Amino acid sequence: MATITDFEGWLDEAEPDDYEEVYALYMAIKNAEEFGMYECKASLDNTKWFIKANHIDDTLMLASEKAREAFLSLIHSRYCDPELEIESWYQYSRNMAKDD
């Protein structure tokens with residue numbers, strides 16, 4: 001179990017594979033909470049964030065607010081429609097997955 005700062009490497013290891021997992025990861029980090037299989041804890045002074053996933057050993061450390069915003073941006077650009085905000089993308093994806 002290592003604490004790493006490599007955004008790309010951690011995402012490659014975490015491999016969120018559907019819209020539910022992507023949304024859970026994004027929201028866990030945005031709100032510094034547990035969401036689905038992801039957990040984000042802020043340091044006591046809210047200057048660092050530590051992200052864990054149930055299925056991987058490494059913990060990702062975001063060492064500043066700038067790093068946190070950059071990681072959220074990376075998640076959005078890597079997995080979401082760039083034309084939509086995360087909430088809109090999630091709702092659209094959820095509606096498309098329905099069997100009506």
Side-chain angles (χ1 to χ4, degrees):
M1 266 171 80
T3 299
I4 64 173
T5 57
D6 175 14
F7 298 173
E8 295 277 351
W10 192 88
L11 273 178
D12 289 344
E13 200 176 337
E15 297 180 304
D17 63 358
D18 67 13
Y19 69 94
E20 295 280 357
E21 289 181 15
V22 171
Y23 184 73
L25 175 59
Y26 190 96
M27 296 309 290
I29 296 164
K30 183 177 178 185
N31 298 318
E33 65 184 5
E34 187 172 341
F35 198 115
M37 67 175 65
Y38 301 100
E39 178 182 18
C40 178
K41 290 188 179 180
S43 61
L44 293 176
D45 59 359
N46 286 320
T47 60
K48 294 180 181 140
W49 292 264
F50 300 88
I51 298 96
K52 295 181 180 184
N54 293 346
H55 58 289
I56 61 173
D57 292 331
D58 291 336
T59 298
L60 177 66
M61 180 181 70
L62 304 174
S64 67
E65 179 62 33
K66 185 176 179 179
R68 183 171 163 254
E69 291 301 320
F71 189 55
L72 288 171
S73 180
L74 175 63
I75 293 167
H76 189 269
S77 66
R78 194 173 193 187
Y79 299 106
C80 304
D81 182 331
E83 300 295 316
L84 300 174
E85 294 295 322
I86 189 76
E87 292 291 337
S88 298
W89 171 81
Y90 173 72
Q91 290 302 325
Y92 174 78
S93 298
R94 190 171 167 204
N95 288 337
M96 293 303 289
K98 283 184 181 179
D99 286 335
D100 287 344

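Since we're looking at a predicted model, the values are computed, not measured.
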Establish, yes or no, whether a centroid distance under 6.0 Å links the rings of Tyr23 and Phe35.
yes
Picking from Met37, Glu15, Glu13, what satisfies side chain to side chain contact (heavy atoms under 4.5 Å, CB included) with Ile56?
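That would be Glu13.
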Return the orientation label for the Trp10 and Phe71 ring planes: parallel under 30°, perpendicular over 60°, tilted otherwise.
perpendicular
Hey, are Glu69 and Lys66 close enough for a salt bridge, meaning a charged N less than 4.0 Å from a carboxylate O?
no
If I take atom [atom1] from residue [X] and atom [atom2] from residue [Y], how far apart are they, to the nearest 0.5 angstrom?
X	Y	atom1	atom2	result
Ile75	Tyr26	CD1	OH	8.0 Å
Leu72	Phe7	CG	CZ	9.0 Å
Leu62	Thr47	CG	OG1	11.5 Å
Glu33	Glu39	CD	CD	10.5 Å
Asp57	Thr3	CG	OG1	11.5 Å
Asp58	Thr5	CG	OG1	11.0 Å

Is there a donor-acceptor contact under 3.5 Å from the side chain of [X] to the main chain of [Y]?
X	Y	answer
Ser43	Lys48	yes
Arg94	Glu20	no
His55	Ala14	yes

Membership question, hydrophobic clusters at under 4.5 Å side-chain separation (ILVMFWY): are Tyr38 and Phe50 in the same one?
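As far as the 4.5 Å side-chain criterion goes, Tyr38 and Phe50 are not connected within one cluster.
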Test of understanding: clusters of I, L, V, M, F, W, Y form through side-chain heavy atoms closer than 4.5 Å, transitively. Do Tyr90 and Leu84 belong to the same one?
yes
[X] to [Y] - nearest heavy-atom pair and separation:
X	Y	result
Leu25	Pro16	CD2-CG, 4.4 Å
Trp49	Asn46	CH2-O, 3.3 Å
Ala28	Cys40	O-CB, 3.2 Å

Could you check whether any side-chain heavy atom of Glu85 comes within less than 4.5 Å of a side-chain heavy atom of Gln91, counting everything from C-beta outward?
no
Measuring only between side-chain heavy atoms, which start at C-beta, is Leu74 closer than 4.5 Å to Glu8?
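Yes. Closest side-chain heavy atoms under 4.5 Å.
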